[in-house]
**Student:** 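Got a structure for you, questions after.
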Amino acid sequence: MSSRTKRPTVLITWGFTYLAIFMVPVILFSFVALRSTSVISAESERANQNFAKQICTSMDKELTNLSNLAQNCIHSEEVLTVLGQKEYTSSQSHYNTYLAIEYMKKVASIASNVQSVFVFFADHSAMSLASYYPSEYVDSLMPYMDFPYQAYSEYSGQISRDQFAVLRAGEHPYLCYICIPSAYTLNDAPGQIVVVADLASLSGMLAQADDLNASGVIALDSSNKPVFSNISLSQKSLEAFLEAEQKGENQFQDDSGNWQGFAVAKSAVSPLRYAVITPRSAFLKSYLLVRNLTLICTLLAIVLFLTLAVFLLYRSYAPLRELQAFVVGRAGSRSLRGRSNEWEEIRQAVDKTLDENKRFSQELEQQRLLVQQNILMSLLRGRLHPSDGHSLKEFCTQHSISFPYENFAVLLFAVQAESVQILQDYPFQFHVLKQAVSERLTQKYLCYTADTGGGIAVIVNFSREGEEMKTILQEDLNQFRAFLETNYQVSFYTAASGMGCPFEELSKAYYEASYVMDYLLLHQRKTVLFYADCLSEDTTRLYLYSSDMEQRLEYYIRLGMEERAVRQLDLILDQTADTSSDLPEMVNCLLFDITGTLLKLMEPQERQNAAGVIRALNSAVSLEAKREILCREIGKLCIMNSNQLEQKRPKVVDEAMEYISGSYTDPDLNVNTLAENFHISSSYLSKQFSEQTGQRLLDYINQTRLRQAKELLRQNVGVQEAAVQVGLRNSANLIRIFKKYEGITPGEFRDMAQGSPGGG
């Protein structure tokens, strides 16, 4: 009897539940029909704004490339040489101008958005990618060039330093970047360089961006005149757009009576503004699409619910009986738990939406942290240069990085894998160290952490004195080290810069800490070491492999000079043996550094043999055996480079060597007469000769004469006569050459040659 009374209750509950669910699509359709227009309009406006920002960012990047091109040109040695010339009529000045033009052509060819490059000198002369124009011809020649010379002449005296400007020749706009050398003031600058942007190329970039968007883009200058665009807009429509923008609206009516939506973004590097214009008809299409899709979904939902209701009635409420049994606790209720129901699907959909929002929030937070990390590392490396006119501190504050105190220090933490077993645990140890540094140090100090790629950098901001802060920080870091080693078995290196440096010297503090970290890694000392304490330690036992040594070794190998390269290698190894003979790990570090140098000089197809070289070094048991392996690789590289240089050597070098061998007896033979004989400049000939042979041209002439003089002295010819026969005017010149290249006099050489067996 009780079950009969409960069935109508369950039926009524089931009916109301499905009625409520049935009303959901109806209410949804009504809401979409009423709200879709305003919602889609708002979303379209936001899409316009985002697209305008993306266009502005992309264009600013291209314009920054143009400004970098101008800076490279104006600060190049070739252009600075021409700017510093006092006159432009000599052969040398013409050659300097030729080199500057060739350099500007080479640099301009790299950038895809450069139309032309001009250099205007203080004496009213000019230079382009084509030629140099003296001052008396500039006014008559410039009007025939694709450049607004008249507008530039009126504007050039108004620039504050380096900036973009929109100059016009009639109605044709030109986007120009004007700059002067940074070594000069505005008043005494010897000239200005002007890079003209290719507006057709920039407009083509807008057309590519329009492929993924139904919008058009117009670039306007400070006087609201179009500079370049990918759409055609009449003057009346442009005036309507400017009027709507001035009123703060986001749409305007063009001359055809159609409504257009728009968004505007201001360039950060130029006087341009980018206006994104989207027809309102695109919004209406989206609205109709959403409304029709919603109507179709509503009808499908109604049909589905009606079908489900008929099916359940046909089955005599079998699910309702199971629901009733589940409520009263019958054994047969277990089968209901495996069934899916509408409420569970709704709950899962809501949970999924919440998870999506949470994931989106996490992605935003990760993006913010990534931007903060990039700012901190740029600040530490001295590469942070805000372009919005703010100071470094103000720029950091805008990105939630505030420094209220005046004293700073930089800490570096690193975990080094010393074996294969430790290498397997390295990611875990680094993660533990990073989390511990972020949580424990930030609780007690005002600090910011950044991932350097192989370690962790921490900027500490404090108000105490340097020595007091050093004592407190050293005690805390020792406790921190003991905590990680005891609880997590994480052993690491800690390097600290000098205490109490100002904000402007953060990059210096970072390199101080890097120096200390290098010292700790070389000595395998897992402890806390400050920069001041590191300077007081004995560092003479570190191996010597400076950049100068490496560059000299690379130079000899590139020129195929095996003997000198091996001599340079022996010099490096001898210095290391003197300073680090009791530290075999230092010698191994040096050997692998030298191997890295050789690896850089190998061809890509040869680098696969680098593993064999490293294995051979590891298996060698003595320093002499390791040296033989390196000498063998140096010999291979020298032979390869020597063959390549022989193939690439200019014909003039071979002709000069042949001419010297036949004319060394001429007393007037020198670098200048040799260059005149080949109708080229002496500086060009000397440069080509030294680059291809690794020897100065004058040294080659003197050593050719020296070889012939040795043969004459072996034949018992007098010193004065031998000097005259080899093209030297007197014996004093021969004595000077012998002392310079042999370290002895000609007479001593003759005595040695005659006294040795076989005359030699």
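Counting begins at 1 with the first residue of the sequence.
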**Student:** Suppose we screen for ring pair (Phe, Tyr, Trp, His ring centres under 6.0 Å). Which residues come up paired with Tyr510, at least two apart in sequence or across chains?
**Tutor:**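 So Tyr510 forms no ring pair (Phe, Tyr, Trp, His ring centres under 6.0 Å) with any residue.
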**Student:** Taking ring-ring contact (aromatic ring centres under 6.0 Å, His included) as the cut-off, I'd like each qualifying pair that reaches into residues 720-739, sequence neighbours left out, listed once.
**Tutor:**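 Matches after skipping sequence neighbours: Phe738-Phe749.
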**Student:** Name all pairs fulfilling the ring-ring contact (aromatic ring centres under 6.0 Å, His included) condition that reach into residues 695-736, sequence neighbours left out, sorted by first residue then second.
**Tutor:**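 Non-adjacent pairs meeting ring-ring contact (aromatic ring centres under 6.0 Å, His included): Phe689-Tyr700.
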**Student:** Once salt bridge (charged side-chain N to carboxylate O under 4.0 Å, His left out) is applied, do any residues pair with Arg567, and if so which ones, sequence neighbours excluded?
**Tutor:**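 Result, salt bridge (charged side-chain N to carboxylate O under 4.0 Å, His left out) vs Arg567: Glu563.
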**Student:** State which residues pass salt bridge (charged side-chain N to carboxylate O under 4.0 Å, His left out) with Glu504; sequence neighbours excluded, sorted by chain then number.
**Tutor:**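 For Glu504 there are no salt bridge (charged side-chain N to carboxylate O under 4.0 Å, His left out) partners, ignoring immediate neighbours.
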**Student:** Mind checking side chain to side chain contact (heavy atoms under 4.5 Å, CB included) for Glu658 and listing every partner two or more places apart, or none if nothing turns up?
**Tutor:**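 Counting only residues at least two positions away or on another chain, Glu658 forms no side chain to side chain contact (heavy atoms under 4.5 Å, CB included).
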**Student:** Taking only residues two or more places apart in sequence or in another chain, which ones pass side chain to side chain contact (heavy atoms under 4.5 Å, CB included) with Lys106?
**Tutor:**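 Not a single residue meets the side chain to side chain contact (heavy atoms under 4.5 Å, CB included) criterion with Lys106.
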**Student:** Sequence neighbours left out, what passes salt bridge (charged side-chain N to carboxylate O under 4.0 Å, His left out) with Glu562? Give chain and number order.
**Tutor:**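 With sequence neighbours excluded, Glu562 shows a salt bridge (charged side-chain N to carboxylate O under 4.0 Å, His left out) to no residue whatsoever.
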**Student:** Just to verify, what does Thr527 make a side chain to side chain contact (heavy atoms under 4.5 Å, CB included) with, not counting sequence neighbours?
**Tutor:**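 Testing Thr527 for side chain to side chain contact (heavy atoms under 4.5 Å, CB included), a comparison that skips the adjacent residues, returns Leu520, Arg525.
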**Student:** Can you list the residues that meet the salt bridge (charged side-chain N to carboxylate O under 4.0 Å, His left out) rule with Asp666, with sequence neighbours excluded?
**Tutor:**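 For Asp666, no residue satisfies salt bridge (charged side-chain N to carboxylate O under 4.0 Å, His left out) once neighbours in sequence are set aside.
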**Student:** What residues form a ring pair (Phe, Tyr, Trp, His ring centres under 6.0 Å) with Tyr448, not counting sequence neighbours?
**Tutor:**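 Ring pair (Phe, Tyr, Trp, His ring centres under 6.0 Å) check on Tyr448 returns Phe403.
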**Student:** With sequence neighbours excluded, what pairs up with Ser686 under the side chain to side chain contact (heavy atoms under 4.5 Å, CB included) test?
**Tutor:**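 So Ser686 forms a side chain to side chain contact (heavy atoms under 4.5 Å, CB included) with Val671, Leu697.
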**Student:** Without swapping roles, check the side chain of Gln429 against the backbone of Val490 for a donor-acceptor pair under 3.5 Å.
**Tutor:**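 Checked: no pair found.
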